[in-house]
Amino acid sequence: MKIGVVGGGQLGRMIGMAGMPLGMRSVFLEPAPEACAAQAGHMIKADYTDHYAIRELVNQCDAVTFEFESIPPETVEFIAQFVPVYPVASSLKIARDRWLEKSLFQENQIPTAEVADISSEEDLEEAVSNIGLPAILKTRTLGYDGKGQKLLKRESDVTNAFKELGEVPMILEGFVDFDSEVSCIAVRGRDGSQAFYSLAENEHRNGILHKSIATEDHPLQSLAEEYVGRVLDALNYVGVITVEFFAKGEKLIANEIAPRVHNSGHWTIEGAETSQFENHLRAVTGLPLGSTRRIGHCAMYNLIGRLPPESKILEIPGVKFHNYVKKAKPGRKIGHVTVHSADQKTYDDACDRLDTLIQNIL
Ligand code: AMP
């Protein structure tokens with residue numbers, strides 16, 4: 001079976017790698033000249049809107065998916081005329097737009113921060129007077145890793161904020177004084193079956209995910225599954241989805257959806273009975289979903305900007321190294337390591353050693 005993947009980054013690379021044992025081969029559509037997914041399949045180097053290239057992709061593939069949400073939904077709609085493509089374009093449209101995303105949560109009785117739709121300076125002033133400060137102004141589309149947003153702490157921050165973010169459609173969100181950030185990765189098959197991974201507790205540095213810990217018996221696990229299950233059914237979703245939440249006391253406050261495999265789920269490669277990548281492929285191709293059961297203690301650290309020496313990583317018991325073979329650049333995700341052990345002490349020691357090793361390359 002051949003799978004088309006729109007996008008050619010590390011997520012595509014890991015989808016391609018997960019397909020190999022299942023006899024699936026991957027074809028990627030990606031304009032970037034040195035895209036790392038090329039190591040895991042055939043690459044069609046072209047823009048995401050290039051209809052000739054898309055025809056070349058669909059002619060080779062039995063099903064198509066995508067590995068990030070900045071691709072135009074029209075591309076997904078075009079592909080759907082020829083082969084099954086999941087997640088469907090309507091899910092992508094919602095996940096790309098923070099206002100539609102928040103509306104989806106609210107329509108399904110899932111708590112969010114206070115939120116207002118902003119399309120002018122006047123809207124912003126009115127929303128600030130209703131929601132109060134601090135608040136966060138975010139562009140409706142194309143924001144990621146903390147980009148396209150501004151924290152408004154005091155009145156003087158409000159003055160030029162609409163201009164600074166480019167006078168595009170935005171939302172204003174009340175600031176949530178959360179205890180922690182968690183993500184729920186789930187998968188829904190073509191037959192509507194659902195499965196959920198252990199909640200990941202996520203730690204960010206400079207707006208980029210630094211570490212994800214797969215939690216054990218998190219007290220909010222079943223609430224998260226209830227909320228994410230509602231989203232999956234509301235979207236008639238197929239594939240892996242990620243919903244990011246703020247956890248505060250006994251509450252979960254939904255922040256955003258990623259309609260794809262997710263960085264906070266990389267621990268599932270070694271740490272779950274079926275990885276998020278394999279389950280995504282199973283869902284997209286109509287195969288039965290695999291068990292999402294976590295095996296032992298698991299965490300994942302991103303390697304950003306620079307890689308520590310390979311031997312220093314590999315000498316740590318319980319640690320696996322994933323090198324995306326990407327050009328190193330400040331702020332760029334170029335690899336990750338997972339920690340996975342049935343033994344608490346091995347796991348704790350590995351995390352301590354990785355904390356030091358990663359601190360040393362910053
Ligand atoms: P986002 O692009 O929405 O994922 O936001 C990036 C990061 O900004 C989140 O991971 C949070 O740490 C922080 N953040 C976003 N929205 C809020 C909010 N309403 N209240 C507090 N922190 C937030």
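Every number for a ligand or one of its atoms is a count from 1 in the order of the listing.
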Between E101, R98, Q149, E256, which one has a non-hydrogen atom sitting closest to atom 8 (O) of ligand 1? Q149
Salt-bridged, K93 to E77, with N to O below 4.0 Å? yes
V176, any N or O under 3.5 Å of ligand 1 N or O: yes
Numbering as shown, the atoms of ligand 1 that approach F178 to under 4.0 Å (heavy-atom distance): 12 (O), 21 (C), 22 (N)
Check the orientation of H297 and Y347. Use parallel for under 30°, tilted for 30 to 60°, and perpendicular for over 60°. tilted
D191 atom CG, over 12 foreign heavy atoms within 6.0 Å: yes
Quick one: does G207 get a heavy atom under 4.0 Å from ligand 1? no
From E181, E244, E203 - option closest to atom 11 (C) of ligand 1 by heavy atom: E181
Looking at N255, which atoms of ligand 1 are within less than 4.0 Å of one of its heavy atoms? 1 (P), 3 (O), 4 (O)
R13 side, atom CZ; E67 side, atom CD - distance, nearest 0.5 Å: 12.0 Å
Does an N or O from F246, backbone or side chain, lie closer than 3.5 Å to an N or O of ligand 1? no
To the nearest 0.5 Å, atom CD of Q109 lies from atom CD of E107 at 9.0 Å
Intermediate values then yes/no, side chain to side chain contact (heavy atoms under 4.5 Å, CB included), M24 and L287: CA-CA 12 Å; M24 295 179 187; L287 292 169; 3.7 Å; yes
